[in-house]
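Just so it is clear, the values below take in all heavy atoms, side chains as well, and ignore hydrogens, waters and symmetry mates. Starting from 1, each residue takes its place in the sequence as its number.
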Amino acid sequence: MTVKLPPGWACATIGDIAIVNPTLSKASIPDDLDVSFVPMAAVTEISGQIDLSDVRPAGALKPKSYRSFVDGDVLVAKITPSMENGKAAVARGLENSIGFGSTEFHVLRPIDTMSSEYVFHYVVRERFRSEAVRAMTGSAGQLRDFLRTAPIPIAPVAEQSRIIAAIEQHFSRLDAAEASLADAMRKLVSFQRSAVAQLFDQADWPWTTLGEIAAIKGGVTKDSKRQSDPSYVEVPYLRVANVQRGYLDLSEVSRIRVPPAKAAQLALRTGDLLFNEGGDRDKLGRGWVWEGQIDDCIHQNHVFRARLSSGEFDPYFISVHGNTWGQRWFETHGKHTTNLATLNLTTLKSFPVPAPPLAEQRKVVAEFQSIRRSEDRLRTEISRAESHSDSLRRSILADSFSGKLVPQNPDDEPASVLLERIAASRAAKPARRRART
């Protein structure tokens, strides 16, 4: 390591201070003992949080090739993109102090009094992850070797504790600030859209239904078996993810092969209304207006198209209505199952639509667009704040491992003594050390 370290610090490798993928004696674990099960999805990115709600009898897990670990071990994703995205954590609070989990984890077990949190914060740094990516060429074994040989600056044990406390204090403040901004955004969106929804409740307008004023059609279902059919044509198509509440996200538009007649039948026209069939509750009836952004674009079967048959309606007015007042209506009249909510064609045709004069419709649209602009401005500010927060986190971690985050204490036991103690322990009992739980 070329960086000059503060007095009392020492250079080492991760393999010097931690066992990589230590073994666990499964035979010593009773089959009826409850243990934690940790799939990759249970570990959040960067923050190191673990969902430990999945508890299972050890006997159901021991025969399988799951990775095993104990309280205090550091879990590091060994595959991309999970490793690149910072999937890592310290295993704390495991049921009966034992865990089994995804084989896509590497496990680091710090030795002696080496801090697990210190190791975690070092390996979750963006720079470390970038270096790990460069060291990998598709083999998990190569990442394992990288972990063993990767250099790590070692602070005295007492200073490690001070560093971790300082990191957690700084990060807690940043987390609170980010949560406050996100909460402000949710409240703003809810308040403003509720205000628009009340316009539809209070106005003395005549009403009709969507089915009376528009031709509504479902989209294409992908036929995987016939995607290579030479008679088919390839066209872009909109998925549920493209159809957001009050706008279209066209950053990623998929393509599909369909019969030419089907492509012509489902081709979107400027002014077409789009409504999502559902999924989770927020997707139910979510939609916006097609503005002809992509030639020959069609829509999938989970997105309904409503094509107005009368010039008496502004399509944006109906979409604003669907995204505000209609959100409550869709939730009430949609079909609900466990974790899912859906609309069918019959329900969407019966969706009530107010019919004010065009001039009043356009006033409502202008009000909604003003709201959207204020939401966009706040989103921009939140994005800037998050970027600043990320920069601060990187700076905090950089200072942490260069001795700049907390002051040194000359009375601390030097890190070299810790390394000597670890080396002596491993030399004296290598086999037992590698096999112990």
Novice: Given side chains that start at C-beta, do those of Asn301 and Val220 come closer than 4.5 Å, heavy atoms only?
Specialist: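 No - every pair of side-chain heavy atoms lies 4.5 Å or more apart.
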Novice: Using ring pair (Phe, Tyr, Trp, His ring centres under 6.0 Å) as the criterion, point out the one residue from Trp329, Tyr316, Phe200, Phe368 that pairs with His321.
Specialist: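 So, applying the ring pair (Phe, Tyr, Trp, His ring centres under 6.0 Å) to His321 and each of Trp329, Tyr316, Phe200, Phe368, only Phe200 qualifies.
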Novice: Run Glu367 and Lys363 through salt bridge (charged side-chain N to carboxylate O under 4.0 Å, His left out) and show every step you take.
Specialist: CA-CA 6 Å; Glu367 176 68 20; Lys363 286 181 181 178; over 6 Å; no
Novice: Start with the C-alpha distance between Arg379 and Asp376, add both sets of side-chain angles, then the distance that settles salt bridge (charged side-chain N to carboxylate O under 4.0 Å, His left out), and finish with yes or no.
Specialist: CA-CA 5 Å; Arg379 285 192 181 93; Asp376 288 343; 3.5 Å; yes
Novice: Main chain of Pro315, side chain of Ser319: is a donor-acceptor contact present, judged purely on distance under 3.5 Å?
Specialist: no
Novice: Where the side chain of Asn242 meets the backbone of Leu250, is there a donor-acceptor pair that is under 3.5 Å apart?
Specialist: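 The answer is no, because no donor-acceptor pair under 3.5 Å joins these two groups.
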Novice: Is there a donor-acceptor contact under 3.5 Å linking the side chains of Ser47 and Thr44?
Specialist: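 Ser47 vs Thr44: donor-acceptor pair found between side chains.
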Novice: Okay, side chain of Asp51, backbone of Ser53: is any donor-acceptor separation there less than 3.5 Å?
Specialist: yes
Novice: Kindly indicate, with the supporting measurements, whether the criterion salt bridge (charged side-chain N to carboxylate O under 4.0 Å, His left out) is fulfilled by Asp282 and Arg286.
Specialist: CA-CA 7 Å; Asp282 181 63; Arg286 187 177 72 188; 3.5 Å; yes
Novice: His299: which residues meet the ring-ring contact (aromatic ring centres under 6.0 Å, His included) condition with it, sequence neighbours left out?
Specialist: none
Novice: Taking only residues two or more places apart in sequence, or in another chain, which ones meet Ser180 in a side-chain hydrogen bond (donor to acceptor under 3.5 Å, both in side chains)?
Specialist: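 side-chain hydrogen bond (donor to acceptor under 3.5 Å, both in side chains) list for Ser180, sorted by chain: empty.
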Novice: Can you name the residues that form a ring-ring contact (aromatic ring centres under 6.0 Å, His included) with Phe37, not counting sequence neighbours?
Specialist: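 With sequence neighbours excluded, Phe37 shows a ring-ring contact (aromatic ring centres under 6.0 Å, His included) to Tyr66, given in chain and number order.
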Novice: Taking NZ, NE, NH1 and NH2 as the nitrogens, is one of them in Arg129 or Glu45 under 4.0 Å from a carboxylate oxygen of the other?
Specialist: no
Novice: Quick check: closest heavy atoms across Ile17 and Ala12, and the distance to 0.1 Å?
Specialist: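 Looking at all heavy atoms of both residues, the shortest contact is CG2-CB, 4.3 Å.
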Novice: I'd like to check the side-chain hydrogen bond (donor to acceptor under 3.5 Å, both in side chains) partners of Asp32; sequence neighbours left out, ordered by chain and number.
Specialist: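 Listed in chain order: nothing, the list is empty.
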Novice: Do the non-hydrogen side-chain atoms of His302 and Arg239 ever get within less than 4.5 Å of each other?
Specialist: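 Contact flag for His302/Arg239 side chains = no.
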Novice: Tell me the salt bridge (charged side-chain N to carboxylate O under 4.0 Å, His left out) pairs involving residues 315-331, sequence neighbours left out?
Specialist: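 Listed once each, the pairs are Asp201-Arg328, Arg281-Glu331.
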Novice: Could you pull out the closest heavy-atom pair between Val240 and Asn276, with the gap in Å?
Specialist: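 Here Val240 and Asn276 meet closest at O-ND2, 3.4 Å.
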Novice: Just by distance, do the side chain of Asn96 and the backbone of Asp34 share a donor-acceptor pair under 3.5 Å?
Specialist: yes
Novice: Side chain of Ser28, backbone of Ser25: donor and acceptor closer than 3.5 Å?
Specialist: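 The answer is yes, because a donor-acceptor pair under 3.5 Å joins these two groups.
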Novice: Is the closest basic N to carboxylate O distance between Asp272 and Arg269 below 4.0 Å?
Specialist: no
Novice: Measure across Thr324 and Val320 and return the closest heavy-atom pair with its distance rounded to 0.1 Å.
Specialist: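 In terms of heavy atoms, the two residues are closest at OG1-O, 2.7 Å.
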Novice: Would you please name every residue forming a side-chain hydrogen bond (donor to acceptor under 3.5 Å, both in side chains) with Glu117, sequence neighbours left out?
Specialist: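 Scan of Glu117 (side-chain hydrogen bond (donor to acceptor under 3.5 Å, both in side chains), adjacent residues dropped) gives Arg92.
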Novice: Mind checking whether His388 and Arg384 have side chains closer than 4.5 Å, heavy atoms only?
Specialist: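 Not touching, per the 4.5 Å side-chain cut-off.
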Novice: List the steps, then state whether side-chain contact (heavy atoms from CB on, under 4.5 Å) holds for Leu348 with Phe275.
Specialist: CA-CA 9 Å; Leu348 186 57; Phe275 293 88; 4.1 Å; yes
Novice: With a 4.5 Å limit on heavy-atom distance, are the side chains of Ile29 and Leu24 in contact?
Specialist: yes
Novice: So, for Gly334 and Leu343, which heavy atoms are closest and what is the spacing to 0.1 Å?
Specialist: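 Closest heavy-atom pair between Gly334 and Leu343: CA-CD2, 4.0 Å.
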Novice: Write out all pairs satisfying salt bridge (charged side-chain N to carboxylate O under 4.0 Å, His left out) with one or both partners inside residues 173-186, taking only residues at least two apart or from two chains.
Specialist: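 Listed once each, the pairs are Asp175-Arg393, Glu178-Arg393, Asp183-Arg186, Asp183-Lys187.
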Novice: Measure across Pro153 and Tyr122 and return the closest heavy-atom pair with its distance rounded to 0.1 Å.
Specialist: CD-CE1, 3.4 Å
Novice: side-chain contact (heavy atoms from CB on, under 4.5 Å) between Ser102 and Arg67: does it pass, once the steps are laid out?
Specialist: CA-CA 6 Å; Ser102 172; Arg67 184 73 74 190; over 6 Å; no
Novice: In sequence, state the C-alpha distance, the side-chain angles, and the governing distance for Val364 and Gln361, and then conclude on side-chain contact (heavy atoms from CB on, under 4.5 Å).
Specialist: CA-CA 5 Å; Val364 173; Gln361 293 181 35; 5.9 Å; no
Novice: Is there a donor-acceptor pair under 3.5 Å between the side chain of Gln293 and the backbone N or O of Trp290?
Specialist: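 Not at all, since once roles are kept as given, no pair shorter than 3.5 Å links the two residues.
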Novice: In residues 155-163, what donor-acceptor pairs under 3.5 Å come from side-chain atoms, sequence neighbours left out?
Specialist:
| residue | atom | partner | partner atom | Å |
| --- | --- | --- | --- | --- |
| Glu159 | OE1 | Trp9 | NE1 | 3.1 |
| Glu159 | OE2 | Trp9 | NE1 | 3.4 |
| Glu159 | OE2 | Gln408 | NE2 | 2.8 |
| Gln160 | OE1 | Ser115 | N | 3.0 |
| Gln160 | NE2 | Ala155 | O | 2.9 |
| Arg162 | NH1 | Asp412 | OD2 | 3.3 |
| Arg162 | NH2 | Pro407 | O | 3.4 |
| Arg162 | NH2 | Asp412 | OD2 | 2.8 |

Novice: If the condition is side-chain hydrogen bond (donor to acceptor under 3.5 Å, both in side chains), which residues does Asn409 pass it with, not counting sequence neighbours?
Specialist: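 Residues passing side-chain hydrogen bond (donor to acceptor under 3.5 Å, both in side chains) with Asn409: none at all.
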Novice: Can you name the ring-ring contact (aromatic ring centres under 6.0 Å, His included) partners of Phe330, sequence neighbours left out?
Specialist: Phe351
Novice: Would you indicate whether the side-chain heavy atoms of Lys335 and Leu340 approach each other to under 4.5 Å?
Specialist: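 No, their side chains stay 4.5 Å or more apart.
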Novice: Given side chains that start at C-beta, do those of Met185 and Glu375 come closer than 4.5 Å, heavy atoms only?
Specialist: yes
Novice: Under a 3.5 Å distance rule, please check whether Ser82 uses its side chain to pair with a backbone N or O of Ile79 as donor and acceptor.
Specialist: no
Novice: Under the 3.5 angstrom rule, does the side chain of Ser36 hit a backbone N or O of Glu95 as a donor-acceptor pair?
Specialist: yes
Novice: Side-chain contact, heavy-atom cut-off 4.5 Å: Lys217 with Phe304?
Specialist: no
Novice: Given 3.5 Å as the limit, does a donor-acceptor pair link the side chain of Thr13 with the main chain of Arg148, or not?
Specialist: yes
Novice: One pair to check against side-chain contact (heavy atoms from CB on, under 4.5 Å): Val235 and Ile298. What are the steps and the verdict?
Specialist: CA-CA 7 Å; Val235 292; Ile298 66 174; 3.7 Å; yes
Novice: Please list all pairs passing the salt bridge (charged side-chain N to carboxylate O under 4.0 Å, His left out) test where one or both residues lie in residues 55-64, with sequence neighbours left out.
Specialist: Asp31-Lys62, Asp54-Arg56
Novice: Counting N and O atoms only, with roles assigned by atom type, does the side chain of Lys404 sit under 3.5 Å from a partner on the main chain of Ala398, one being a donor and the other an acceptor?
Specialist: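 The answer is no, because no donor-acceptor pair under 3.5 Å joins these two groups.
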Novice: Mind checking what makes ring-ring contact (aromatic ring centres under 6.0 Å, His included) contact with Tyr118, not counting sequence neighbours?
Specialist: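 With sequence neighbours excluded, Tyr118 shows a ring-ring contact (aromatic ring centres under 6.0 Å, His included) to Phe401, given in chain and number order.
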Novice: If you look at every heavy atom in Leu419 and Cys11, which pair is closest and at what distance?
Specialist: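 Shortest heavy-atom separation between Leu419 and Cys11 comes out as CD1-O, 3.7 Å.
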Novice: Would you mind checking if Arg377 and Glu381 are paired as a salt bridge, meaning a charged N to carboxylate O distance below 4.0 Å?
Specialist: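 Between Arg377 and Glu381 there is no salt bridge, as every charged N stays at least 4.0 Å from the carboxylate O atoms.
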